[in-house]
Amino acid sequence: MSDIVIREYTALLCFADVRHLLTDSSPFACLGLRDGGVWVLASTPLSDETRETLDRMGPVKYIIGANAQHYLFLGEFKKAYPDAKLIAPQGAINKVEDASFSFDGAWGKDPADTQYGFEGDIKALFFSWFKNQDVAFLHLASKTLIQADLLFNPPPTEQYSKSAIEIPPRSWSHSRFLWNLSIDKEEMRRDAMTVAGWDFERIIPCHGDVIEEDANAAWRAAYQSFLDPNNIYVIMGFGL
């Protein structure tokens, strides 16, 4: 039995549920583009089910690494779809030892205003001062925010985890987690505010369940330490 279960929300959006522990979960998301192509966040092995879903949606044009930690399967996808552009944070690229393929873009190395070709369908914001070097993505057509480690939503019942770890977005522990992973608080505040201003109704995290209701409120709650100017930790300038 496959470890990956594909959920297709719409003709333009699919998401894979992965059945293993929270610490190992790395769901992928695939997005349909207006030109008929497909953009895929490649964080899981390229299973038969995954490939069938992608091929049914259209030609894969972009293969994306979500952050510096989710990089293990980028080469597998690139070899299956050699014509697709492969883009990831520089921190992920530095960890890839396979020299048989190359990257077409690098967040953290390319100029901040670099356009990779999907911007008419998907907004991207690189969190340069977050330790995991995450990128937040907004799929405009489905109003879906996709990200890896910028927001967790455990327990991941969709991923069949047996983990007892619980740090839901509205919890104090989640705010502490994000605060401690930020390198520059002012830069993190700027980026968190930018995403809070985006129009999204759903969040697909790489760890935990999809947030289908009050998604923007969940983001704001997770980043309250940065967004609330009256927060004591912001005022005092030290971690939670």
Side-chain angles (χ1 to χ4, degrees), residues 4-18 25-44 46-47 49-67 70 73 77 81 84-88 105 107 115-127 134-154 156-159 168-169 191-223:
I4 298 178
V5 178
I6 308 295
R7 291 178 57 189
E8 296 185 49
Y9 287 97
T10 71
L12 296 178
L13 171 64
C14 71
F15 170 73
D17 296 337
V18 184
S25 60
S26 304
F28 92 106
C30 45
L31 306 174
L33 307 175
R34 288 179 296 175
D35 65 3
V38 178
W39 178 103
V40 57
L41 191 77
S43 293
T44 61
L46 184 58
S47 68
E49 294 95 329
T50 300
R51 186 154 192 171
E52 289 172 4
T53 300
L54 292 174
D55 293 345
R56 184 170 64 252
M57 290 183 69
V60 174
K61 293 192 173 183
Y62 299 95
I63 300 167
I64 304 297
N67 66 10
H70 295 253
F73 306 106
F77 276 77
Y81 301 101
K85 288 185 178 180
L86 179 59
I87 308 166
W107 285 289
Q115 300 283 297
Y116 299 108
F118 56 74
E119 288 76 15
D121 296 274
I122 301 166
K123 287 185 178 181
L125 179 63
F126 177 54
F127 278 64
D134 276 71
V135 186
F137 302 98
L138 174 64
H139 186 224
L140 299 170
S142 64
K143 295 187 177 182
T144 300
L145 178 68
I146 300 169
Q147 50 77 46
D149 295 343
L150 291 169
L151 184 145
F152 287 54
N153 190 36
T157 55
E158 289 173 331
Q159 295 163 23
D191 292 343
M193 289 182 65
T194 296
V195 173
W198 288 354
D199 181 15
F200 57 92
E201 300 173 352
R202 175 191 294 114
I203 299 176
I204 295 181
C206 276
H207 303 281
D209 291 348
V210 175
I211 299 174
E212 297 277 11
E213 297 181 358
D214 301 321
N216 192 280
W219 175 271
R220 290 175 180 273
Y223 284 88

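Note: hydrogens, waters and symmetry copies are ignored here, and every other heavy atom, side chains too, is used.
- Atom OG1 in Thr50 sits 10.5 Å away from atom CZ in Phe73 (nearest 0.5 Å).
- Of the options Trp107, Tyr116, Trp198, a ring pair (Phe, Tyr, Trp, His ring centres under 6.0 Å) to Phe137 is made by Trp107 and by none of the others.
- Taking 4.5 Å as the limit, some side-chain heavy atom of Ile122 sits within range of a side-chain heavy atom of Leu33.
- Between Leu31 and Phe118 there is no side-chain heavy-atom pair separated by less than 4.5 Å.
- Pairing each heavy atom of Gly37 with each of Asp35, the nearest pair is N-OD1, 2.9 Å.
- The minimum heavy-atom distance linking Gly36 with Pro59 is given by the pair O-CD, 3.5 Å.
- His139 contributes no side-chain N or O that, together with a main-chain N or O of Cys30, makes up a donor-acceptor pair within less than 3.5 Å.
- Separation of atoms CD1 (Ile146) and OG (Ser43) is listed at 10.5 Å; rounding is to 0.5 Å.
- To the nearest 0.5 Å, atom CG of residue Leu125 and atom CG of residue Leu138 are 10.5 Å apart.
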- Query: Under the side chain to side chain contact (heavy atoms under 4.5 Å, CB included) criterion, do Leu150 and Tyr223 qualify, and how do the steps go?
  - Reply: CA-CA 9 Å; Leu150 291 169; Tyr223 284 88; 3.4 Å; yes

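- In this structure, Lys85 has no salt bridge (Lys or Arg N to Asp or Glu O under 4.0 Å) partners at least two apart in sequence or on a different chain.
- A distance of 6.5 Å separates CG in Leu151 from CH2 in Trp219, rounded to the nearest 0.5 Å.
- Val38 and Gly58 get closest at one heavy-atom pair: CG2-O, 3.5 Å.
- Of the residues Leu54, Asp55, Thr53, the one that meets the side-chain contact (heavy atoms from CB on, under 4.5 Å) test with Arg51 is Asp55.
- Note that the CG atom of Leu145 and the CD atom of Glu201 stand 12.0 Å from one another [nearest 0.5 Å].
- Annotation: the span from Phe200 atom CZ to Leu140 atom CG amounts to 12.5 Å, rounded to 0.5 Å.
- In this structure a side-chain-to-backbone donor-acceptor pair under 3.5 Å is missing from Asp191 to Phe127.
- Judged by distance alone, with hydrogens and angles left aside, the side-chain atoms of Asn216 form a donor-acceptor pair with the main-chain N or O of Ala196 at under 3.5 Å.
- Residue Ile203 comes nearest to Ala215 through the heavy atom pair CD1-O, 3.3 Å, listed as atom of the first residue, atom of the second, then distance.
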- Taking it one step at a time, do Asp149 and His70 satisfy side chain to side chain contact (heavy atoms under 4.5 Å, CB included)? CA-CA 9 Å; Asp149 295 343; His70 295 253; 3.4 Å; yes

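- Between Tyr62 and Gly117, the shortest heavy-atom distance links the atoms OH-C, 3.1 Å.
- The closest donor-acceptor contact from the side chain of Arg202 to the backbone of Val210 lies at 3.5 Å or more, if one exists at all.
- A side-chain donor-acceptor contact under 3.5 Å links Asp121 to the backbone of Arg34.
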